[in-house]
Amino acid sequence: MRNRQETPNYDPGAIEKKWQKQWEADGLYHSDIDESKPKHYALTMLPYPSGDLHIGHWYAMTPSDAHARFMRMQGYNVLFPMGFDAFGLPAENAAIKNNIHPKVWTYKNIDRMRTQMKTMGAMFDWRREAISADPEYYRWTQWFFTQLFRNGLAYRKESPVDWCPNCNTTLAREQVWGDDRHCERCDTPVIKKNLVQWFFRTTNYAEELLYYDGIDWPETVRLLQTNWIGRSTGANVTFKTAVEGHQFDIFTTRPDTLWGATFMVLAPEHELVSKITTPAQKDEVEAYVEQALRQTEIQREATDKEKSGVFTGEYAINPVNGEQIPIWIADYVLTTYGTGAIMAVPAHDQRDFEFARKFGLEVRVVIQPSGVEPISGDEMTEAIPAKGDGVMVNSGEMSGTPGEIAIQKVNQWLEERGIGHAETQYRLRDWLISRQRYWGAPIPMVHCPKCGSVPVPDHQLPVLLPDDVEWKPTGESPLKLHPTWRFTTCPTCGGEAERDTDTMDTFMCSSWYHLRYLSPKYDKGPFDPKEYDYWMPVDTYTGGIEHANMHLIYTRFFHKACRDMGITEGHEPMMQLRNQGMVLGEDGEKMSKSRGNTVPPDELVQKYGADTVRAYLIFFSRWNQGGPWSYSGIEGTSRWLRRVWAMVLEAPQNSGSANERTIRNLRRKVHQTLASITRDYENFEFNTIISSLMELSNLMIQSKQDGASATRAWDEAVDIYLKMMAPVTPHIAEELWAGLGKPYSIHTQYWPKVDNEAAAEDEITLVVQVNGKVRDKIVVPADISDADAEKTALTSDAIARHLEGKTPRKVIVIPGRLVNIVL
RNA sequence: GGGCCGGUGGCGGAAUUGGCAAACGCAUCAGACUUAAAAUCUGACGGUGGUAGCACCUUGUGGGUUCGAGUCCCACCCGGCCUACCA
């Protein structure tokens with residue numbers, strides 16, 4: 001109020017535009033190879049150009065940007081690129097709805113979102129922008145496909161696959177969610193279809209993907225991936241049918257229960273079913289198979305469904321004891337896992353138990369748990385899981401083997417007899433890559449009646465996506481309906497051939513975008529090796545945890561496959577991963593248009609400025625946790641920035657000189673804050689960065705009132721303060737920095753160093769407890785000895801009152817903190 | 001059913017990783033400034049009792065370890081996420 005005349009108002013709209021222009025004009029955020037500096041590749045997951053920048057994008061990108069800026073001030077040459085994951089279904093859906101070409105829709109959205117993103121003031125190097133729908137980008141996506149094909153990592157097969165009837169396309173296993181098995185994009189329950197599709201051999205890497213050596217990834221992501229990959233160990237055992245001697249393998253995690261197998265179960269789709277079924281059972285079996293297949297088509301539903309199945313009429317010989325046991329078929333056995341056939345041990349497996357009880361099959365106990373009465377198969381009401389503490393019984397010569405060594409011993413026994421061998425199974429499936437949609441990178445393969453599937457040669461890439469296509473979904477690939485596009489000649493024999501009319505899963509595009517950023521215009525390969533050698537691997541990667549089992553698995557697979565093909569180096573693409581949580585609406589619910597609880601970032605920027613929005617987003621909660629938005633909360637952050645503005649610019653009310661104690665306290669707080677904020681930036685703990693800055697400005701404002709503003713300590717405090725806030729609130733920091741006549745730009749300054757002497761406390765508050773209860777607080781010199789601390793504590797009046805004349809049994813002294821007197 | 005994460009004032013959240021619970025902010029209340037309002041500034045603000053010094057209670061519940069537990073261990077309750085006939 002007093003200084004309105006001379007102090008300009010904080011006008012974020014004006015200063016933010018000004019500096020964004022200046023930074024762009026100066027190329028302040030261009031990052032080029034510089035061998036004299038250590039490099040830091042900071043990456044945040046690229047957005048899909050949905051049309052509008054969402055507050056979630058701000059939430060994801062702001063801390064990523066702040067951390068990148070911090071690293072830059074730490075002396076690193078930082079690369080922080082941005083681009084667009086531009087292929088994908090929403091473009092087609094919007095196209096259908098509004099009758100606008102997917103390409104037009106997508107590129108219009110990109111322009112809009114790029115403009116919006118620039119208002120964030122992030123240090124993106126836009127020269128490195130990559131857009132996955134550009135032909136110069138997907139040329140290399142296609143090139144990678146042909147590389148994978150040539151190296152045996154891409155193959156084509158017919159199989160029952162997940163089909164989304166709404167999106168009219170197949171999906172990868174990872175893109176089918178929830179207990180009702182719905183489409184990840186549109187929530188429609190998926191159905192099964194038998195189709196010929198392209199797959200990548202992700203399962204080749206199942207084992208290696210379980211190792212996270214040398215990378216710093218959150219425990220939760222590693223756990224999600226580990227569970228998804230689903231490693232289980234056991235044995236494969238070969239059985240024969242009794243009559244015709246057909247061989248078939250089963251997988252079991254409990255080979256030590258082999259003697260308890262009282263029947264076998266094949267999946268209805270198992271190839272042996274038609275061969276072994278006896279004439280008497282034929283009608284019943286065929287009816288069941290048909291019903292099971294139809295059911296799969298509708299949906300292989302319901303976990304708590306009643307067991308069903310049919311006897312084939314044929315028996316199997318149990319290789320461990322020569323017994324004949326009946327072979328059934330049942331839909332609780334899946335073709336897609338293991339060998340599609342199991343031995344059933346009802347005494348020790350709940351599913352088998354339910355099946356046995358329903359159909360009156362024998363239940364035979366072969367593992368006797370310790371400390372329990374011998375159990376009888378007839379009397380059991382549920383299966384007794386075979387745990388490690390049991391002992392094998394009713395198992396011929398293996399009887400008496402203790403549980404801890406049973407599996408290993410049986411495996412050895414099986415191997416010696418050539419009956420079976422130890423085996424590891426993974427739940428992970430190969431990655432289904434074909435999509436029956438238009439807006440994607442065409443699969444660069446040609447199908448020739450003579451030569452089979454032939455990859456399009458490198459010099460013919462990219463296989464361009466034609467513009468003149470009827471993209472309305474019919475269940476057929478739109479490219480198939482194009483009058484001419486699919487007809488071509490075979491690259492091998494020159495004969496008439498057809499192109500593959502499917503496009504690739506967009507997760508293929510995003511599996512390597514971090515490589516394209518290195519050199520988005522490079523045309524001799526997917527990336528410039530010079531750039532690769534300098535920048536890779538990604539040092540810090542940030543993004544949502546929802547990608548744990550999709551993008552983050554795919555990109556690791558992709559990198560490992562490329563390594564084995566000699567394209568990349570190292571075992572992992574991203575060294576450090578950090579996940580953000582989710583900003584919820586003010587009502588604590590997930591934001592959605594239908595709920596009406598979305599938060600529009602553009603309006604907030606207009607009202608408060610980008611710096612306030614950035615600061616509030618990282619202040620309101622722990623970043624990896626997320627939480628509800630608050631419109632009144634952001635007012636507090638806005639208030640803080642206005643206070644800082646006034647603190648730096650307004651003429652002091654008290655221009656006298658501060659006393660020594662004020663100066664000492666000011667410097668101590670500044671350097672203590674610097675130490676804790678430095679640690680917070682390093683650890684991605686952003687919310688406490690803001691609260692520490694608020695605390696410090698509260699003290700600085702007080703110091704200023706006490707006459708500190710004409711001192712060197714004050715200048716130092718302001719200098720450090722602006723540098724500490726620069727990564728989070730880059731515009732106001734730059735403006736105030738410039739206003740003080742300091743050299744442009746604050747963002748190229750080095751991070752200040754902590755003065756440990758200044759930060760040291762010379763007095764501490766000694767907490768004195770009696771029997772663990774705080775009874776006194778005494779200010780003492782910081783370097784007080786344990787003995788003196790004890791003496792001081794014991795002589796306090798307040799303590800004496802609580803001692804009631806008794807002699808302490810024990811006194812515990814925690815140096816610099818407290819004394820606990822135990823009576 | 002299995003796995004994981006979480007539960008701290010009216011609200012969002014801090015807590016040096018076993019050492020003063022509630023930092024910082026929001027909301028609220030009171031006061032200053034103002035003709036008035038906004039903005040700004042000052043103060044109060046976990047609960048109970050007391051004029052007060054102070055005392056007792058308090059981190060989902062119950063137990064345990066420890067001189068000392070929001071933090072470690074055991075059991076349970078609640079909420080969220082993932083997964084699911086995976087043999």
Side-chain angles (χ1 to χ4, degrees), chain A residues 1-2 177-179 181 218-220 223-224 226-228 230-232 234 250-254 257 265 267 300-305 307 330-334 336-345 348-352 354-355 425-429 545-546 548-549 582 586 588 616 619-622 624-625 627-637 639-640 642-643 646 672 675-676 679 685 687-698 701 705 765-777 798 801 808-823:
Chain A
M1 195 55 83
R2 246 170 298 266
W177 284 11
D179 47 7
R181 298 181 49 69
E219 185 65 34
T220 39
L223 219 112
L224 282 167
T226 301
N227 289 343
W228 185 257
R231 181 183 203 264
S232 50
I250 60 105
F251 172 72
T252 175
T253 55
R254 300 302 308 222
T257 63
V265 187
R300 194 100 138 208
E301 201 202 352
T303 46
D304 49 354
K305 187 175 66 173
K307 292 278 174 294
D331 62 5
Y332 81 89
V333 175
L334 311 172
T336 44
Y337 184 77
T339 62
I342 61 159
M343 65 164 182
V345 184
H348 305 295
D349 182 288
Q350 185 60 24
R351 295 155 303 183
D352 298 345
E354 284 165 23
F355 195 86
Q425 282 286 341
Y426 303 90
R427 216 185 59 121
L428 184 75
R429 305 290 154 79
I545 198 163
E546 66 275 12
N549 288 340
M582 199 188 287
E586 243 189 336
Y616 179 65
F619 173 63
F620 78 82
S621 172
R622 202 175 279 192
N624 63 5
Q625 186 182 301
W629 173 264
S630 162
Y631 282 100
S632 58
I634 194 175
E635 294 282 352
T637 316
R639 226 168 275 158
W640 165 60
R642 291 201 300 271
R643 277 161 60 89
Q672 286 180 346
S676 76
R679 204 168 47 233
E685 280 160 12
N687 54 340
T688 46
I689 290 174
I690 304 294
S691 53
S692 302
L693 284 170
M694 286 173 168
E695 245 179 281
L696 178 55
S697 57
N698 288 346
I701 289 164
Q705 277 164 12
T765 303
L766 190 69
V767 174
V768 187
Q769 300 181 329
V770 177
N771 286 335
K773 286 199 164 147
V774 179
R775 294 305 181 184
D776 201 3
K777 295 173 186 182
R801 250 194 356 259
R809 250 186 336 124
K810 200 172 170 189
V811 179
I812 287 145
V813 181
I814 306 296
R817 291 196 189 279
L818 94 170
V819 176
N820 188 10
I821 301 162
V822 187
L823 292 180

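What you see is a predicted model, and the numbers here were worked out from it, not measured in a lab. We name chains A, B, ... by the order of the sequence lines, and we start the count at 1 in each one.
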Can you check the distance between [N] and [M], where both ends of the measurement are the [atom1] atom (answer in whole Å)?
N	M	atom1	answer
B:G13	B:G46	C1'	15 Å
B:A32	B:U17	P	46 Å
B:G7	B:A22	C1'	16 Å
B:C72	B:G19	P	11 Å
B:G70	B:G6	C1'	13 Å
B:U59	B:G9	P	10 Å
B:G18	B:U65	C1'	12 Å

Just call it for [X]: base, sugar-phosphate, or nothing, with non-hydrogen atoms closer than 4.0 Å on any strand.
X	result
A:Gly230	nothing
A:Asn227	sugar-phosphate
A:Thr688	sugar-phosphate
A:Asn698	sugar-phosphate
A:Leu223	sugar-phosphate

Can you tell which of [options] lies closest to the side chain of [X]?
X	options	answer
A:Trp228	B:U83, B:U40, B:C24	B:U83
A:Arg642	B:A87, B:A39, B:A15	B:A39
A:Ile814	B:C26, B:C24, B:G19	B:G19

Looking at residues at least two apart in the chain, or sitting in another chain, which of them share a salt bridge (Lys or Arg N to Asp or Glu O under 4.0 Å) with A:Arg642? none

Applying side chain to side chain donor-acceptor pair (under 3.5 Å), can you list everything that pairs with [X], at least two apart in sequence or on another chain?
X	answer
A:Asp776	A:Ser796
A:Glu586	none
A:Thr339	none
A:Arg643	A:Asn698

Heavy-atom closest pair, residues [X] and [Y]:
X	Y	answer
A:Leu823	A:Asn771	N-OD1, 3.0 Å
A:Ala341	A:Val333	N-CG1, 4.1 Å
A:Val774	A:Lys777	CG1-CE, 4.1 Å

What's the base orientation of B:U17: syn (chi within 90° of 0) or anti? syn

Its glycosidic angle compared against 90° from 0, B:G7 adopts the form anti

Do any N or O atoms of the protein come closer than 3.5 Å to N or O atoms of nucleotides 42-53 of chain B, and which pairs are they?
none

Using a distance-only criterion (donor-acceptor N/O pair, under 3.5 Å, no hydrogens), is the base of B:C67 paired with the side chain of A:Lys810? no

Going by the rule ring-ring contact (aromatic ring centres under 6.0 Å, His included), which residues pair with A:Tyr337 if we only count those two or more places apart in sequence or in a different chain? none

Tell me, please, which residues at least two apart from A:Phe620 pass ring-ring contact (aromatic ring centres under 6.0 Å, His included). A:Tyr59, A:Tyr616

Just the atom pairs and distances: protein N or O near nucleotides 16-18 of chain B's N or O, under 3.5 Å.
residue	atom	partner	partner atom	Å
B:U16	O2	A:Arg817	NH2	2.6
B:U16	N3	A:Arg817	NH1	2.9
B:U16	N3	A:Arg817	NH2	3.2

Please convert RNA chain B into dot-bracket. A pair counts if it is Watson-Crick or G-U wobble with both distances under 3.5 Å; crossing pairs go in [ ] and bases paired with another strand get |. (((((((..(((......[....))).(((((.......))))).((((....))))..(((((..]....))))))))))))....

Begin with the C-alpha distance, continue with both residues' side-chain angles, and end with the deciding distance and a verdict on side-chain contact (heavy atoms from CB on, under 4.5 Å) for A:Asp349 and A:Ile342. CA-CA 12 Å; A:Asp349 182 288; A:Ile342 61 159; over 6 Å; no

Using 0.5 Å steps for rounding, measure from the [atom1] atom of [X] to the [atom2] atom of [Y].
X	Y	atom1	atom2	result
A:Thr688	A:Leu693	OG1	CG	10.0 Å
A:Phe619	A:Met694	CZ	CE	4.0 Å
A:Asn549	A:Thr226	CG	OG1	9.5 Å
A:Asn624	A:Met582	CG	CE	13.5 Å
A:Met343	A:Ile250	CE	CD1	5.0 Å

Comparing A:Ile812 with A:Arg429, nearest RNA chain B nucleotide closer to 5' gives the residue A:Ile812

More 5' along RNA chain B: A:Thr220 or A:Ser232, using each one's nearest nucleotide? A:Thr220

Between protein and nucleotides 54-56 of chain B, what N or O pairs are separated by less than 3.5 Å?
residue	atom	partner	partner atom	Å
B:C56	OP1	A:Arg775	NH2	3.2
B:C56	OP2	A:Arg775	NH1	3.2

For nucleotides 9-13 of chain B, give me every protein contact, N/O to N/O, under 3.5 Å, one pair per line with atom names.
residue	atom	partner	partner atom	Å
B:G12	O2'	A:Phe620	O	2.5
B:G13	OP1	A:Gln625	NE2	3.4
B:G13	O3'	A:Asn687	ND2	3.4

Counting only side-chain nitrogens and oxygens, does A:Arg254 get under 4.0 Å of the OP1 or OP2 atom of B:A87? no

